[in-house]
Amino acid sequence: MGREEIIEFISKNPLFCLATVEAGKPHVRTMMLYRADERGILFHTGKNKDLYRQILACPDVELCFHIPGIGVQIRIAGTAEPLDDLDLKKEIVAEREFLRPWIDSEGYDPLIPFRVRDAVATVWTMDNNFAPKTFINI
């Protein structure tokens, strides 16, 4: 699976587990991808969340995309950088109506998108379970 195929796969399967570290301990939660394309891998959270503070303290993250029954797992490691971009925030809210009440109440400032940069992916399947890992720059 090459770079374009990975981007296509994660775009079609936007739920992923995101791992962060706080005080040397791992924290994992399920997230929803906002976008993956030539501009990068984007997700968002709120500045009031532990996730936000964890990434600011240690921006190294890993995303794991997996669809049960398909037998493919894609892990992407990289550095999460905050994007305090009002136009991007407006685009996100326009596409994700569930955010509208929060934004109407609090404004756009608490919403924070992240881009995963320096991303490297590895693809796992049952067929390559025991093979050495290969890494693809995303």
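As the structure is a prediction and not an experimental result, all values here were calculated from the model. Residue numbers count from 1 along this sequence.
- What you find for Asp87 and Asp85 is that their closest heavy atoms are N-OD1, 2.9 Å.
- Looking only at side-chain heavy atoms (C-beta outward), Ile136 and Met1 stay at 4.5 Å or farther from each other.
- Taking the side chain as every heavy atom from C-beta outward, Asn129 and Asp127 never approach each other to under 4.5 Å.
- Both Met31 and Ile6 are members of a single hydrophobic cluster when ILVMFWY side chains are connected at heavy-atom separations under 4.5 Å.
- Of the possible donor and acceptor atoms, one in the side chain of Ser11 sits under 3.5 Å from a partner among the backbone N and O of Ile7.
- Annotation for Val116 and Gly78: closest pair CG1-CA, 3.8 Å, computed over non-hydrogen atoms.
- Within the structure, ring-ring contact (aromatic ring centres under 6.0 Å, His included) pairs that include any residue of residues 56-88 comprise Phe16-Phe65 (at least two apart or interchain).
- Remark: the Thr20 side chain and the Arg29 side chain contain an N/O donor-acceptor pair separated by less than 3.5 Å.
- The line from OG1 of Thr45 to CG of Leu111 is 8.5 Å long, rounded to the nearest 0.5 Å.
- Closest of all the heavy-atom pairs between Ile74 and Val72 is CG1-CG1, 4.1 Å.
- Residues Glu22 and Arg53 are not in side-chain contact: their nearest non-hydrogen atoms beyond the backbone lie 4.5 Å or more apart.
- A salt bridge does not link Glu38 to Arg3: none of the charged nitrogens lies less than 4.0 Å from a carboxylate oxygen.
- Val61 is listed as a side-chain neighbour of Ile55, based on a closest heavy-atom distance under 4.5 Å.
- With side-chain heavy atoms closer than 4.5 Å counting as contact, directly or through intermediates, the hydrophobic cluster containing Trp124 also holds Met126.
- To the nearest 0.5 Å, atoms CZ (Phe43) and CG (Leu18) are separated by 5.0 Å.
- Applying the under-4.5 Å side-chain rule to Ile, Leu, Val, Met, Phe, Trp and Tyr, the cluster around Val120 extends to Phe135.
- Tracing side-chain contacts under 4.5 Å through hydrophobic residues (I, L, V, M, F, W, Y), one never reaches Leu51 starting from Leu42; they form parts of separate clusters.
- Between the side chain of Arg115 and the backbone N or O of Arg39, at least one donor-acceptor pair lies under 3.5 Å.
- Side-chain contact between Val93 and Arg100 is present, with at least one heavy-atom pair separated by less than 4.5 Å.
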Candidate pair Lys49 and Gln54, rule side chain to side chain contact (heavy atoms under 4.5 Å, CB included), full reasoning: CA-CA 9 Å; Lys49 301 276 193 160; Gln54 291 164 0; over 6 Å; no
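- A single hydrophobic cluster is not seen to contain both Tyr52 and Tyr108; linkage of ILVMFWY side chains at heavy-atom distances under 4.5 Å, directly or through other members, places them apart.
- Among all heavy-atom pairs drawn from Asp84 and Lys89, the shortest one is OD1-NZ, 2.7 Å.
- Rounding to the nearest 0.5 Å places NE2 of His44 at 11.0 Å from CZ of Arg35.
- Put simply, CG on Asp118 and CD on Glu81 are 8.5 Å apart, with the number rounded to the nearest 0.5 Å.
- Separation of atoms CD (Glu97) and CD1 (Ile103) is listed at 11.0 Å; rounding is to 0.5 Å.
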Side chain to side chain contact (heavy atoms under 4.5 Å, CB included) assessment of Glu8 paired with Glu4: CA-CA 6 Å; Glu8 181 180 352; Glu4 290 76 23; over 6 Å; no
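- Both Leu63 and Ile112 are members of a single hydrophobic cluster when ILVMFWY side chains are connected at heavy-atom separations under 4.5 Å.
- Under the 4.5 Å side-chain criterion, counting only non-hydrogen atoms from C-beta, Leu88 is in contact with Tyr34.
- In this structure the side chain of Ile92 reaches within 4.5 angstrom of the side chain of Pro113, judged on heavy atoms.
- Residues Thr122 and Gln73 form no side-chain contact, since every pair of their non-hydrogen atoms from C-beta on lies 4.5 Å or further apart.
- Note on Leu99 and Leu86: same hydrophobic cluster, where clusters join Ile, Leu, Val, Met, Phe, Trp and Tyr whose side-chain heavy atoms are under 4.5 Å apart, directly or indirectly.
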